[in-house]
Amino acid sequence: MDLDLIMKGKKLSANEQEILEYLISHVDQLEGVSLRELAHRLFTSPAAIVRLAQKLEFSGYLELFYFLKNQFRTSGQGVSATIDFNIDTQKIEPSIVGMRDFYANNKDKFITIYATGFSSIVADYLHKKLLVNGIKTLFVNAGDSSGIISNNTDNISMLICISKSGETQKVIEKMTFCQEKGIPTILFTGNLDSRAKQLATICFEVEDERPLDSQNIKYNSFFGKLMLLLEYIVQEFVEESS
């Protein structure tokens, strides 16, 4: 864990730094150890440990201790709820290269992301993920004015769309418009037999085991797998584009 997340910009004295490093390295051995005993081990006073905790914006030593215990929990504790998902990296590599080429030729323009409904939640995450990596990105959803895209065609490097069904009408309209303007379109969908797929310059397929559940009521791993795929693509895209 990055110590800056704990220190929150606070400057620690050498003694405080030593206390904190001890707590982190021995956190699995301190359950049930009294504050007085801990102070004795550190050759300091209980008050000094409490002051450190309060300086780091915790109410006291116990809150700091349990925070560290949760952050530095050793592997093997707890039960993993992760569902394994394998990405065929070789298969999608040419598509990622294509995206990088579009971006390399238009770094002064915005990557524009469009989605509606549940897909817009994932689209917003992708938008923020690209932004924190220094990529100029614009996120547009169904609630925004259509003019954001139609009046800024000279400032768009590519349009990224997410549509589980590939038949979302507003997505079709945006992709059709961009195709007419010569703007590359990138599609993430669960349906390769869709109208959106026919419009896409580059298409990434994500398996959708419930294609008829348009309201996303039942269990469906589509969005979860999509998030993992986007994480990988952003990593590869950013590393090679920087």
Side-chain angles (χ1 to χ4, degrees), residues 1-87 111 113 115 118-139 141 143 162 216 219-242:
M1 178 180 179
D2 189 345
L3 286 181
D4 289 340
L5 295 178
I6 304 175
M7 295 169 63
K8 302 173 183 176
K10 306 291 191 307
K11 291 185 178 180
L12 302 185
S13 66
N15 184 51
E16 290 171 334
Q17 184 80 30
E18 184 178 336
I19 293 172
L20 182 59
E21 290 176 354
Y22 181 89
L23 293 176
I24 291 172
S25 60
H26 295 81
V27 68
D28 291 328
Q29 305 164 27
L30 295 177
E31 184 79 54
V33 176
S34 68
L35 180 59
R36 186 177 297 277
E37 172 60 23
L38 176 61
H40 177 72
R41 295 182 186 181
L42 288 164
F43 302 100
T44 188
S45 67
I49 299 174
V50 172
R51 283 197 299 271
L52 169 63
Q54 293 175 342
K55 187 174 185 178
L56 297 175
E57 301 180 11
F58 296 96
S59 60
Y61 163 67
L62 281 179
E63 186 179 1
L64 171 60
F65 167 71
Y66 284 111
F67 173 81
L68 295 176
K69 184 178 180 182
N70 288 329
Q71 294 297 320
F72 292 92
R73 180 177 298 162
T74 56
S75 60
Q77 295 182 353
V79 178
S80 174
T82 303
I83 297 175
D84 187 30
F85 172 55
N86 294 317
I87 298 173
I111 293 176
I113 305 170
F118 280 94
S119 295
S120 67
I121 300 172
V122 181
D124 188 35
Y125 178 84
L126 174 60
H127 167 232
K128 291 180 172 61
K129 187 76 174 185
L130 289 170
L131 282 178
V132 298
N133 280 283
I135 306 296
K136 294 174 66 174
T137 315
L138 181 67
F139 170 52
N141 62 29
I162 300 173
N216 198 32
Y219 164 82
N220 193 339
S221 63
F222 172 81
F223 292 106
K225 290 182 289 191
L226 174 59
M227 289 284 282
L228 292 174
L229 175 61
L230 290 174
E231 286 285 354
Y232 175 79
I233 290 175
V234 170
Q235 171 188 276
E236 295 298 300
F237 182 81
V238 170
E239 284 184 356
E240 295 297 328
S241 298
S242 58

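Judged as a salt bridge (Lys or Arg N to Asp or Glu O under 4.0 Å), the pairs with a partner in residues 118-127 (not counting sequence neighbours) are, in order, Asp124-Lys128.
The only option from Leu138, Leu230, Thr137 that meets the side-chain contact (heavy atoms from CB on, under 4.5 Å) definition with Leu130 turns out to be Thr137.
Separating the OG atom in Ser34 from the NE2 atom in His40 is a distance of 10.5 Å, to the nearest 0.5 Å. Atoms CZ and CD1, from Phe223 and Ile121 in turn, are 8.0 Å apart once rounded to the nearest 0.5 Å. With rounding to the nearest 0.5 angstrom, the CG atom of Leu20 is 11.5 Å from the CG atom of Asn15. A distance of 8.5 Å separates CG of Leu64 from CD1 of Ile24, quoted to the nearest 0.5 Å. To the nearest 0.5 angstrom, Leu42 atom CG is 5.5 Å from Ile49 atom CD1. How far CG of Leu131 is from CD1 of Ile111: 9.5 Å, rounded to the nearest 0.5 Å.
The two atoms that bring Ser45 and Ala39 nearest to each other are C-CB, 3.6 Å, heavy atoms only.
Lys55 pairs by the salt bridge (charged side-chain N to carboxylate O under 4.0 Å, His left out) definition with Glu16, not counting sequence neighbours. By the side-chain hydrogen bond (donor to acceptor under 3.5 Å, both in side chains) test, Asn141 is found to be paired with no residue, residues two or more places apart in sequence or in another chain being considered. Every residue meeting the ring pair (Phe, Tyr, Trp, His ring centres under 6.0 Å) condition with His26, not counting sequence neighbours, appears here in chain and number order: Tyr22. Taking Ala14 as the reference, nothing meets the side-chain contact (heavy atoms from CB on, under 4.5 Å) condition, with sequence neighbours excluded. Listed by chain and number, the residues in a salt bridge (charged side-chain N to carboxylate O under 4.0 Å, His left out) with Glu231 are Lys129 (sequence neighbours excluded). Not counting sequence neighbours, the partners of Tyr66 by the side-chain hydrogen bond (donor to acceptor under 3.5 Å, both in side chains) test are Glu31. Annotation: salt bridge (charged side-chain N to carboxylate O under 4.0 Å, His left out) contacts of Glu37 (sequence neighbours excluded): Arg41. Legend: residues meeting side-chain hydrogen bond (donor to acceptor under 3.5 Å, both in side chains) with Lys10, ordered by chain and number and at least two apart, are Glu57. Residues satisfying the side-chain contact (heavy atoms from CB on, under 4.5 Å) criterion with Glu63, sequence neighbours excluded, are Phe58, Ser59.
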- Message: Using side chain to side chain contact (heavy atoms under 4.5 Å, CB included), reason through Phe118 and Asn220 one step at a time and then give a plain yes or no.
- Response: CA-CA 12 Å; Phe118 280 94; Asn220 193 339; over 6 Å; no
- Message: Go through it in stages, so that I can follow the logic: the residues are Phe237 and Asn133, the test is side chain to side chain contact (heavy atoms under 4.5 Å, CB included), and I'd like the CA-CA distance, side-chain angles, deciding distance and then a yes or no.
- Response: CA-CA 10 Å; Phe237 182 81; Asn133 280 283; over 6 Å; no
- Task: Apply side chain to side chain contact (heavy atoms under 4.5 Å, CB included) to the pair Ile19 and Leu12, showing each step before the final yes or no.
- Result: CA-CA 10 Å; Ile19 293 172; Leu12 302 185; over 6 Å; no
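Between Phe67 and Leu56, the closest side-chain pair of non-hydrogen atoms is not below 4.5 Å. Proximity of Tyr61 to Leu38: side-chain heavy atoms (C-beta onward) are separated by under 4.5 Å at one or more points.
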